[in-house]
Amino acid sequence: MDAGTEQLRIGELSRRTGVSTELLRAWERRYGLLRPSRTDGGFRLYSPADERRVSLMRSHLQHGLSAAEAARLTLTEADGDGRPQDEPLLQRRAQELREALNDLDESAAQSALDSAFAEFAPETVLSNLVLPYLHELGERWASGDASVGQEHFASQLLRGRLLGLARGWDRGAGPRALLACAPGELHDLGLIAFGLALRARGWRITYLGQDTPLETLAETARSLGPEAIVISAASPDRFVRSGAELRRVASTANVWLAGPGASAALAKKANAAFLNVDPLAAADRVAATRA
Amino acid sequence: MDAGTEQLRIGELSRRTGVSTELLRAWERRYGLLRPSRTDGGFRLYSPADERRVSLMRSHLQHGLSAAEAARLTLTEADGDGRPQDEPLLQRRAQELREALNDLDESAAQSALDSAFAEFAPETVLSNLVLPYLHELGERWASGDASVGQEHFASQLLRGRLLGLARGWDRGAGPRALLACAPGELHDLGLIAFGLALRARGWRITYLGQDTPLETLAETARSLGPEAIVISAASPDRFVRSGAELRRVASTANVWLAGPGASAALAKKANAAFLNVDPLAAADRVAATRA
Amino acid sequence: MDAGTEQLRIGELSRRTGVSTELLRAWERRYGLLRPSRTDGGFRLYSPADERRVSLMRSHLQHGLSAAEAARLTLTEADGDGRPQDEPLLQRRAQELREALNDLDESAAQSALDSAFAEFAPETVLSNLVLPYLHELGERWASGDASVGQEHFASQLLRGRLLGLARGWDRGAGPRALLACAPGELHDLGLIAFGLALRARGWRITYLGQDTPLETLAETARSLGPEAIVISAASPDRFVRSGAELRRVASTANVWLAGPGASAALAKKANAAFLNVDPLAAADRVAATRA
DNA sequence: ATAGGTTTTGTCAAGCTTTTGTACAT
DNA sequence: ATGTACAAAAGCTTGACAAAACCTAT
């Protein structure tokens with residue numbers, strides 16, 4: 001068990017922390033600050049975690065907080081920081097984001113994202129927070145667990161965030177990719193994430209967004225001459241309905257079908273390439289064609 | 001309106017301008033130079049505009065004018081002091097933006113917007129660059145002059161921009177507004193601009209975005225209890241199709257119909273209020289209900 | 001939600017803000033300036049937001065406003081997120097950043113930067129907020145107007161922010177640049193800004209940081225074979241002292257000298273190219289060599 | 001410019017309650 | 001070790017007050 005952890009008795013804890021034994025007991029009684037185990041005879045045995053809590057408590061008192069407040073803070077900090085200590089920071093941010101979005105709390109969501117983007121690389125945030133949340137939301141929604149309001153709220157907020165990251169993604173001298181959602185398709189977040197990932201690999205992105213008619217796509221492709229065209233859809237019908245036009249576009253350029261709606265069969269039929277679902281891996285594949 | 005402007009008492013104005021309090025009162029009495037508001041107790045409260053007038057007055061006196069003359073001049077000058085010089089710059093930014101968007105040149109567009117937001121107040125940029133461009137694009141598109149690619153590209157880019165400005169728009173303590181596009185409706189930029197303007201008037205915004213089912217809206221409204229609900233659509237059918245549900249939502253909350261698709265008749269039928277087209281004026285109207 | 005926020009009692013708030021407890025209560029009673037929660041026993045508990053309000057109030061009083069006016073302003077500013085709405089955004093953010101950094105207020109500084117980066121392109125933020133602030137700080141410091149603490153605080157915070165943006169800047173397929181500060185040189189913010197700008201132009205960046213021995217630089221260059229090497233220093237001595245070694249490095253690669261310490265003469269002597277001072281313009285020049 | 005009256009605002013006091021560290025009896 | 005007691009420190013409310021700032025009218 002925890003054979004290796006040192007267990008202090010109250011006198012020793014008092015000596016180490018400079019807090020009188022009476023006070024330690026009072027803190028335990030009044031605020032539940034400490035949770036010592038006991039010897040058979042009833043003596044308190046404090047763990048290192050208890051010792052940390054006492055120092056935290058003292059530091060808060062030093063800063064002028066009232067004892068009640070200091071204890072409250074100490075407990076929430078120690079719990080949210082100490083026990084799931086092994087739980088990575090990333091998990092915590094994910095949890096914060098999830099709660100904020102579910103509560104329709106915009107600024108909390110933004111600040112969770114701010115923290116995450118400050119602490120991790122953009123792709124890490126995408127692959128560990130944003131995309132998993134979208135996935136989860138899709139499933140909860142399919143099973144009737146999420147309100148559609150949450151879905152709308154979340155996707156709008158995340159869209160704004162991702163488009164913010166996208167700013168300037170057409171600059172530079174790399175190969176150019178043209179991105180669009182299939183006709184009728186509104187789910188564009190995965191495609192934007194893909195664009196960001198491809199951008200990080202040095203490509204220039206031109207993004208046409210949701211519900212792009214293939215005629216539009218073809219025209220734009222003619223004027224830009226992109227190295228790759230990526231068309232995304234969340235459901236297969238989007239591709240099915242425009243099979244003929246897809247073939248036509250694909251005959252003049254390097255076209256990929258992506259998103260949950262894409263499949264190897266559909267791609268083959270359209271004479272296009274098939275892009276496996278995960279946007280980040282997809283970026284690797286497309287980038288590899290020009291390495 | 002000018003909730004955020006500092007109002008000085010006579011002593012501080014005197015200290016700042018170096019004009020005795022008696023004289024300030026005399027100028028007000030004799031020439032109507034100043035028009036301070038009053039506290040409940042009767043103390044004068046001067047606005048920054050008053051402060052400017054006093055400096056102007058002093059400078060005229062310095063140049064040897066009689067007090068009466070100086071006052072007359074000050075009053076006429078202070079009114080005609082605003083924009084005209086800025087106008088060309090604004091036009092230039094508008095032109096830069098237009099060209100960049102038409103060329104699908106993302107970074108040029110972004111930097112035109114950067115310049116504009118650096119040089120002008122947010123609402124000025126909205127009302128002089130963004131909204132006019134959208135309007136123009138709509139017309140060109142209707143007449144077949146704009147490629148759909150341009151429209152897609154521009155609206156996606158502007159959406160990212162506006163959502164960036166929107167960050168934190170749910171914070172604070174003001175009344176809350178719930179915003180959504182009608183079912184099937186994808187044109188959300190006007191609604192976002194409206195949200196930004198309402199935000200600037202102290203409201204908190206919750207935004208559900210494109211194509212929001214009315215059931216979703218109703219549910220979200222129940223949990224948030226917003227002061228106002230604004231539903232936008234670019235074409236009337238969106239509203240027509242969901243007439244019955246609209247009535248139901250409107251029966252429990254303060255609902256406004258907005259966007260080019262709204263009309264007084266439709267609003268009346270739905271038992272909702274009608275919001276005239278311009279997003280900024282609309283924000284004024286909604287804000288006025290709670291002033 | 002805000003389980004982790006510290007709540008102050010009135011005495012501590014008084015001590016921190018320098019406002020007597022009686023006055024704090026009077027402000028609450030008369031103007032509703034503060035809205036403390038209460039303990040079960042009825043003691044007031046103030047949030048960090050309350051603390052901010054008190055400082056704002058004090059600052060307004062300092063500027064000569066009457067208490068009633070100061071309170072009104074404080075409330076509208078603090079609740080409505082912010083400030084005069086009719087000012088160009090960029091100026092507002094610059095002012096917020098400046099105040100926050102001068103007050104050593106980290107979270108206010110971060111949120112000013114969050115807003116700025118959401119609203120503007122990274123380069124715009126760099127060239128309009130970050131670099132000017134650094135410049136200004138340098139001058140204030142030279143004239144004894146700024147404390148060393150402020151300088152450390154600001155540069156630490158900004159460095160963290162910029163390095164956050166820099167994440168992943170070595171990815172992709174563009175030409176590679178190797179960046180380093182000259183031996184002994186610790187001012188690296190300008191160089192990082194330069195790196196970011198070059199990254200936006202499609203380059204890959206390898207960054208060696210402060211105080212890089214030229215031997216290290218040469219070795220790294222041998223193994224990476226960069227397209228360009230940029231060495232930065234804030235004062236000329238850094239370059240002077242390592243003249244011979246500089247020549248050697250420059251003989252095998254394309255070397256640029258940058259930063260306020262660089263000059264055409266020094267560069268010529270080292271057989272390197274001279275990079276004009278502004279990091280963003282510098283990025284344009286370097287990028288142009290490979291367009 | 002002065003006189004005489006009013007408003008605003010910071011401070012103080014009295015009497016009572018809550019909080020919290022320490023002490024003591026079991 | 002526990003539980004109770006206690007007293008100093010910190011807070012609360014109500015009410016009042018006086019200096020500073022401001023008003024109008026002469």
Base, sugar-phosphate or nothing for Arg44(B)? Non-hydrogen atoms, less than 4.0 Å.
sugar-phosphate
Sugar-phosphate only, base, or nothing, as touched by Arg9(C) at under 4.0 Å among non-hydrogen atoms
sugar-phosphate
Can you tell me the distance, in whole Å, between the CD atom of Gln7(C) and the P atom of dT19(D)?
15 Å
5' precedence on DNA chain E between Arg15(C) and Tyr46(B) (nearest-nucleotide basis):
Arg15(C)
Without decimals, in angstroms, what is the distance between Leu13(C) CG and dG11(E) P?
10 Å
In whole angstrom, what separates Leu33(C)'s CG from dG10(D)'s P?
11 Å
Does a donor on one side chain and an acceptor on the other come within less than 3.5 Å for Asp114(C) and Ser111(C)?
no
If we ignore angles and hydrogens, is there a donor and acceptor under 3.5 Å between the side chains of Gln7(C) and Arg72(A)?
no
Across the strands shown, which category fits Ser66(A) at heavy-atom distances under 4.0 angstrom: base, sugar-phosphate, nothing?
sugar-phosphate
What is the distance, rounded to the nearest whole Å, between atom CG of Leu61(C) and atom P of dG10(D)?
6 Å
From dG10(D), dT8(D), dT18(D), nucleotide with atom closest to Thr39(B) side chain
dT8(D)
From CD of Glu69(A) over to P of dT18(D), roughly how many Å is that when rounded to an integer?
18 Å
The nucleotide from dT20(D), dC23(E), dC12(E) with an atom nearest the side chain of Phe43(B) is dC23(E)
So, Gln95(C) versus Arg98(C): side-chain donor-acceptor pair below 3.5 Å or not?
yes
Kindly say if Arg29(B) contacts the phosphate of dA25(E), meaning a side-chain N or O under 4.0 Å from OP1 or OP2.
no
With a 4.0 Å cut-off on heavy atoms, is Arg38(A) in touch with a base, just the backbone sugar-phosphate, or nothing at all?
sugar-phosphate
Measuring from the side chain of Ala67(A) (C-beta onward, heavy atoms only), which nucleotide among dC22(E), dT20(D), dT2(D) has the closest atom?
dT20(D)
Could you tell me if Arg290(B) and Asn254(B) have a donor-acceptor pair between their side chains, going purely by distance under 3.5 Å?
no
Between NE2 of His60(C) and P of dT9(D) the distance, given in whole Å, is 15 Å
Can you tell me how far the CD atom of Glu96(C) sits from the CD atom of Gln91(C), to the nearest 0.5 Å?
12.0 Å
Of the options dG10(D), dC22(E), dT22(D), whose atoms approach the side-chain atoms of Leu23(A) most closely?
dT22(D)
Carboxylate-amine/guanidinium proximity below 4.0 Å for Arg204(B) and Glu106(A)
no
Using heavy atoms to find the nearest nucleotide of DNA chain E for Arg25(B) and Gly41(C) separately, return the residue whose nucleotide is more 5′.
Gly41(C)
Measure from the side chain of Glu22(B), starting at C-beta and using heavy atoms only, and say which of dT19(D), dA1(D), dC23(E) lies closest.
dA1(D)
OP1 or OP2 of dT9(D) versus the side-chain N and O atoms of Trp27(C): is any pair under 4.0 Å?
no
Starting at atom CD1 of Ile10(C), determine the distance to atom P of dA9(E), rounded to an integer number of angstrom.
19 Å
If you find the nucleotide of DNA chain D closest to Asp40(B) and the one closest to Tyr31(A), which residue's nucleotide is nearer the 5' end?
Asp40(B)
When we call it a touch if two heavy atoms are under 4.0 Å apart, what does Arg30(C) touch: a base, just sugar-phosphate, or nothing?
base
Could you tell me how far apart Glu28(A) (CD) and dG21(D) (P) are, to the nearest whole angstrom?
15 Å
So what does Thr21(B) hit on the nucleic acid, given a heavy-atom distance under 4.0 Å: a base, only sugar-phosphate, or nothing?
nothing
